[in-house]
Amino acid sequence: MKDNISRRELMRMAAMVSLYSAFSADDALAGHHEETISHGTHFGPVNATVKNGKLVSTTPHPAISMDTDMMRSLADYVNSPNRIKTPCVRKSFLEGRRQNELRGVEDFVSVSWQTALDLAAEKLLEAKQKWGNESIFRTSFAGWSQAGAINRPNTLQGRFLGLFGGFTDTISDYSAGASSQLMPYILGSAEIYSKQTSYEMIAANTKTIVLWGMDPLKSFLIDVGVPDFSRIKWFQRFKRLGIKFICIDPVYNDTAKELGAEWIPVRPGTDTAMILGMCHYLYTTGKYSKSFIDKYTVGFSMFLDYLLGKEDGIPKNLAWAEKICGVSVKRLVELTETLRSDKTLIGSLYGPQRIEHGEQYHWSLVTLASMLGNIGKPGSGINFGGGLLGVAGKLPRRLSQGRNPARTIIPASRMGEMLMNPGRTIDFNGTKITYPDVKLIYNMGANSMTHHQDINTLIAGLRKVDTMITHEIVWTPWAKFSDIVFPSTTSFERNDIGFSFVSNVTYLWALRQVVKPMYESKDDYWILAQIAKRLGFEKKFTMGKSVMEWVKWSYEGTGNNLPFDKFWKVGHIKLTQKPEDKKYVRFEDFIKNPNTNPLFTPSGKIEIHCEKISSYGYSDCLGHPTWYEPQEWLGGKMAKKHRFHLISIHPKYRLHSQMDNLPLGKKYKVNGREPVVINPADAKMLGISDGDNVEVYNDRGAIICGAVLSKRVMRNVVRVDEGAWYAPEKPGVPGTRCISGNPNVLTSDKPTSRLAQACSAHSCLVSLRKLTEKVKDNTAYDNPVVVNSKL
Ligand SMILES: Nc1nc2c(c(=O)[nH]1)N[C@H]1C(S)=C(S)[C@@H](COP(=O)(O)OP(=O)(O)OC[C@H]3O[C@@H](n4cnc5c(=O)[nH]c(N)nc54)[C@H](O)[C@@H]3O)O[C@H]1N2
Ligand SMILES: Nc1nc2c(c(=O)[nH]1)N[C@H]1C(S)=C(S)[C@@H](COP(=O)(O)OP(=O)(O)OC[C@H]3O[C@@H](n4cnc5c(=O)[nH]c(N)nc54)[C@H](O)[C@@H]3O)O[C@H]1N2
Ligand SMILES: [Mo]
């Protein structure tokens, strides 16, 4: 790392920085004229128009021919009435009484930066000295936050807390928590971050694409970096090329609708049984590829004992599968025959693995694909995650998080369980983890009050925590539950560098400051540096660099010939795709020669039976793909009590909770609440009409949603998208209903298994009831009362 720069260079950079800020925001901010400045976000690159110092609109960047509602909502996002204006401290906390039960209930006091920073430093020091660094927990796993390489809140936070002596960290995520732990044993990599078969090869070779729990035209509207939307355009092109689509999903999702896919509705959480039935069919009809299994896989015979029922007397045949997954034997045969073609590609994202025993979905799908023998061929096989498609050139450097001396780590989705059970030891992927006793939670760039499962348990767990420090842009439910709240800038109020890296053509984007920081907000970098100063390690944290100096350092890591100042002026660079990436076929090397190009699995081959996993002795994750009956599913006992299966999938018009509070909500909210999508036949039975207020409830809680009737969800399945800001009907009362419609009040925080300990949000049964009585208006977007203080 080139962190020590010469004094001369520093001076040169200082001169340059002032030049750039003059270019970007200053003129417009002075209020003299209108200006357009390009910028980049998770929602896309945009041209931002600034008038009289105010961001008035954002339009799609001309380099990218794509227009989305979210891109057009960014001025609303920056100017939101929910912006946190000043540093705030919860009243009782400020007065030294804590009274955790008043979180989310009582007023905040607006304090000076000095007071808030001093208080945060004091509480951090107290936690460290009294209970040790592992009592400090950071919530922001991968953390969505924003798209820049430097101002990434979770990296900054890890860097800060690491230098402070460490913290309890998280491993894995809510996204692909089950598959990312399992897949390295089976295919040698987690797959989500691996380069996948190029879209060019798919276009040239594929006739049918199976969207197995995958909604790319929605999910690729955003990106972990700055999207260039090439993946969306490829899917649209596939349709024009005449490629057929099959959607295997409890929901006829947006992609299926737009691409005119054939729909195979599957009961939620039962894909594994469906796939095992198809494997059984292939084996018993002799239609499987024995040569592929012999040459490229290990452990097939042990799996076969299970598949044929030699162990438990139950052959996992198509009739068995039909009973579980609800897809007819006839349809399953047709589907398997379609899959046998080397012109059929199976694509899957993460929805189907966010269930109890979610690991089994990916494992059984890899087994099916192996039996089909099409892995490694250009037009077929499997494509998990929609693909990283090759990186054109070197990426910008990212700020390093550094080391975490405390070394305590929990799987991300175990947060609530950890808070409720300090000292409990759990199994995790061949290791043991003991939960620490968390006293301080530091949150930046995540909104756990919407993203975590079983919110009522989470709230109970939070009551045991002494201090909650949060950096936020807006008054999210989590911010409202915090003790010390720092107002953060949005990316529009600071400089950064971003890139489109999950794409065919990679761009570098100058994320230029567009407006001055709103109200008293500050950059996360500055806030942490100020606390570090109080704790004696500011220099180690900043290495003497300003944000702009880090941005330049980041750019220089790309090795691009264009000087930084030119790049900053132009605003973006388009990089040329490497010709070999256009021809890339996932696993082609391995298939050509498995001995010289082995997979990174224990055996070097595809592990249909995995000795290593088997050696852990987990009854909930054996050595081969297995169907486990979930606790919550439509075929189980619990479905007699709660007859509907809730799936809480990702929203089209938000990035999780981001933008939930904006006028964009008018497009889809019903009575100001999150919609619950119900099949018309079910709604009729329940006496529910479009637009009714509906209570969705189970033994974990209740939420109120607005009804939308649609045949695009299966019978007995209801859909409530995740991300609505939590709003308690009676603040402070345990178990009170959420009047905003946040489905995580209802979901279970049960782990997938002892292997991955991942999120199983989609295994969730509920009941529905039409509400005839008047219901309180949604309060999710009301700001808390903030009283002024002289402090
Ligand atoms: N617009 C938008 N895009 C996003 C996000 C967002 O919030 N908004 N979030 C981003 C994030 S964090 C992630 S992790 C990614 C990927 O996120 P994913 O988890 O892949 O996205 P989902 O749409 O929730 O799920 C994909 C599909 O799986 C289906 N599904 C759910 N349960 C089952 C099941 O049991 N069986 C089958 N066969 N299908 C099932 C859903 O109905 C949906 O159509 O998306 C990213 N993209
Ligand atoms: N039921 C159910 N639950 C789920 C899922 C599901 O499918 N179903 N999906 C899960 C998945 S895959 C994921 S990835 C998680 C997502 O969970 P999160 O990553 O927590 O989701 P976001 O709502 O994007 O939260 C990001 C927060 O960061 C804030 N922020 C943005 N930029 C900045 C910044 O520069 N500085 C600071 N300080 N803050 C910033 C935003 O205002 C927002 O509150 O949710 C999970 N939860
Ligand atoms: Mo995710």
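Atoms within a ligand are numbered from 1 in the order they appear, just like the ligands themselves.
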Quiz item: Hey, do the aromatic rings of Trp363 and Trp627 have their centres closer than 6.0 Å?
Solution: no

Quiz item: Strictly under 6.0 Å, is that where the ring centroids of Trp113 and Phe486 end up?
Solution: yes

Proximity winner for [atom], if only heavy atoms of [options] are counted:
atom                    : options                        : value
atom 44 (O) of ligand 1 : Asp271, Asp215, Asp249, Ile264 : Asp249
atom 29 (C) of ligand 2 : Arg152, Glu472, His42          : Glu472
atom 22 (P) of ligand 1 : Arg719, Met214, Lys218         : Lys218
atom 13 (C) of ligand 2 : His656, Gln453, His650         : His656
atom 17 (O) of ligand 2 : His451, Gln146, Gln658         : His451
atom 27 (C) of ligand 2 : Gly445, Ser448, Ser521         : Gly445

Self-check item: Those atoms of ligand 1 less than 4.0 Å from some heavy atom in Trp212
Solution: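 Every atom of ligand 1 under 4.0 Å from some heavy atom of Trp212: 38 (N).
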
Quiz item: Which atoms of ligand 1 have any heavy atom of Arg654 under 4.0 Å away?
Solution: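 The atoms of ligand 1 under 4.0 Å from a heavy atom of Arg654 are 1 (N), 2 (C), 6 (C), 7 (O), 8 (N).
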
Please work out, at 4.0 Å between heavy atoms, whether the side chain, the backbone, both, or neither of [X] comes within that distance of ligand 2.
X      : value
Pro153 : side chain
Arg494 : side chain
Asp524 : side chain

Quiz item: If only atom types and distance count, is the side chain of Asp215 paired as donor or acceptor with the main-chain N or O of Thr255 below 3.5 Å?
Solution: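 Side chain of Asp215 to backbone of Thr255, a donor-acceptor pair under 3.5 Å: yes, one is there.
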
Quiz item: Under 3.5 Å, is there a donor-acceptor pair between the Tyr653 and Asp721 side chains?
Solution: no

